[in-house]
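Protein chains get the first letters and strands the later ones, always in sequence-line order, with residue 1 at the start of each.
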Amino acid sequence: MEFEIQDKEMDILLQNVLERYGYDFNDYSKASLKRRINRLYALDKFTSFEQFRRQIQTDSTYFRRFVEEITVNVTEMFRDPSFYKAIREEVLPVLATHPFIRIWHAGCSTGEEVYSMAILLQEAGLLKKSLLYATDINPGVLERLRKGIFPLRFIKQYSENYIQSGGKQDFSQYYTAKYDWAKFDEKLAAKMVVATHNLVSDSSFNEFQLIFCRNVLIYFDRNLQNNALQLFDDSLDSLGFLALGAKENLKYAPIFRKYKQLDNKERIWRKIA
Amino acid sequence: MAENSIIPVIQLIVIGGSAGSLDVILKLIPALHPRLPVAIIIVTHRKPSNDEILVDLLNAKSTWPVKEAEEKEPVEPNTIYIAPTDYHLLLEKDHTFSLDVSEKVNYSRPSIDITFESAAEAYGPSLLGILLSGANADGVDGMKSIKSHGGTCLVQDPDSADVDYMPRQAVEQVQVDKVLPADQLAGFINSLFLNT
């Protein structure tokens, strides 16, 4: 990578973004954030840091692109199939006992995992009494989620993930393929509530029985991780479930003693206090 | 060795490899001196399957503790860290690990370039990068970055590599400090810290 933003420049840029737009990236893990910023700078062929900074400050459309590119939006359906198997077999039977099920996908990006969960609920006959709240910092990715249209070239992988997660139906019944795209059944989206939410600055907005936040906390420093986890704790019913990414952990967080990990190796914790 | 006087104190060794590199790593690790004041990070391209198998395999061969690198964990000397599959592994300035699941680089996640580039920035002249056998160009930009931050670059002799593309690209494109056959890598590392 040829251009390397200096630490001081990055500090200035993040401070500008906070003052101008109210988005606070100061407590994100620096190495990854810096790499994303360098990548965007090269991609959009800027020639000086000042030009880059000015564009972000003066052009709010470009700022949206900045947010979309420096936050990571790589996701997939039934990501880590053994995790979804555990959700299917151990969490859904508990949720089924509730009269009404509220689930929050925090930092859901383009929503592949929200659709995965809607499929699990439908197969368990629970979608009718469920609401899936899908939130992200990034309005652009939420537009894609609303459409429920995903690139067809990934569908083979998703279909394999689905089967490994314990899926027994014909996966192709959930979408219609057209050209290079697969559009998912609108019945799945009917129970989704889509909104922007910033885990750094926004507060709790409901009570949930299950919260997903997968591969978001890895981008936060320890302090910000703890704040987000506290927000989840404030938003979870007693005996609710918290589901994190495959390499994320509660064990260093202050809320740790209130939670018990399920008896498998998946990153799913249950609130016990 | 005469080189000792010109090479600054190495705090971290990053090793990258792809096709054909596992054999080299399995020979290198048992030949390391049991205690050296340096951390080693290994980034290899492999299928996203069970990481524990590789960690167990290396632990069985090594006198050093071998573990998968965890996010936010501080880098400790005399420890071997493995980059988890399907995540990029980055080094922070405060010498802790960060994980990242952004796009694949050179079709690879973990990407050797990403680990090498972030380590180059975090460790500067106290970094040694080693690039092994592989069929991919991943790692070459990382080696350039290590050089430009004052670190030291060592490449497996392409003639001793199972698949020579990766080390050959590095030799051609980067001013590497040393090219060594696979069976001399451990001896070289030991010699950086021991007066033999």
| query | Taking everything shown except A:D180 itself, do over 12 heavy atoms lie less than 6.0 Å from its CG? | reply | no

| By number, which residues in residues 250-257 of chain A have some heavy atom less than 4.5 Å away from chain B? | A:K251, A:Y252

| chain A contact via B:K93 - which portion, at a heavy-atom distance below 4.5 Å | side chain

| message | So for A:F220, is it side chain, backbone, both, or neither that comes closer than 4.5 Å to the heavy atoms of chain B? | response | backbone

| query | Under a 4.5 Å heavy-atom cut-off, does chain A meet the side chain of B:S98, its backbone, both or neither? | reply | side chain

| remark: d(A:N249 CG, B:E70 CD) to nearest 0.5 Å is 7.0 Å

| task | Decide yes or no for B:S118 and A:R35: does some side-chain heavy atom of the first lie under 4.5 Å from some side-chain heavy atom of the second? | result | no

| query | Could you name the residues of residues 221-230 of chain A that have a heavy atom within less than 4.5 Å of a heavy atom in chain B? | reply | A:D221, A:R222, A:Q225

| task | Supply the atom-to-atom distance A:K247 NZ to B:D100 CG, rounded to the nearest 0.5 angstrom. | result | 14.5 Å

| query | Any chance OH of B:Y165 has more than 12 other-residue heavy atoms, nucleotides or ligands included, within less than 6.0 Å? | reply | no

| field | Interatomic spacing from CG in A:N215 to OG in B:S102 - rounded to 0.5 Å | value | 11.0 Å

| said: Please check if the number of heavy atoms outside B:K67 that lie under 6.0 Å from its NZ is greater than 12. | reply: yes

| Other residues, nucleotides, ligands: >12 heavy atoms within 6.0 Å of A:E50 CD | yes

| Of the backbone (N, CA, C, O) and the side chain (C-beta and beyond), which part of B:E103 lies under 4.5 Å from a heavy atom of chain A, both, or neither? | both

| query | Can you tell which of A:L217, A:I218, A:V74, A:T75 has the highest number of heavy-atom pairs within less than 4.5 Å of chain B? | reply | A:I218

| field | Closest-packed option against chain A by number of heavy-atom pairs under 4.5 Å, given B:K72, B:E121, B:E71 | value | B:K72

| Contact origin within A:R79 toward chain B - heavy atom pairs under 4.5 Å | side chain

| message | Counting only non-hydrogen atoms closer than 4.5 Å, does A:N73 touch chain B with its backbone (N, CA, C, O), its side chain (CB onward), both, or neither? | response | neither

| said: Show the nearest heavy-atom pair for residues A:E4 and B:S145, with the distance to one decimal. | reply: OE2-OG, 4.2 Å

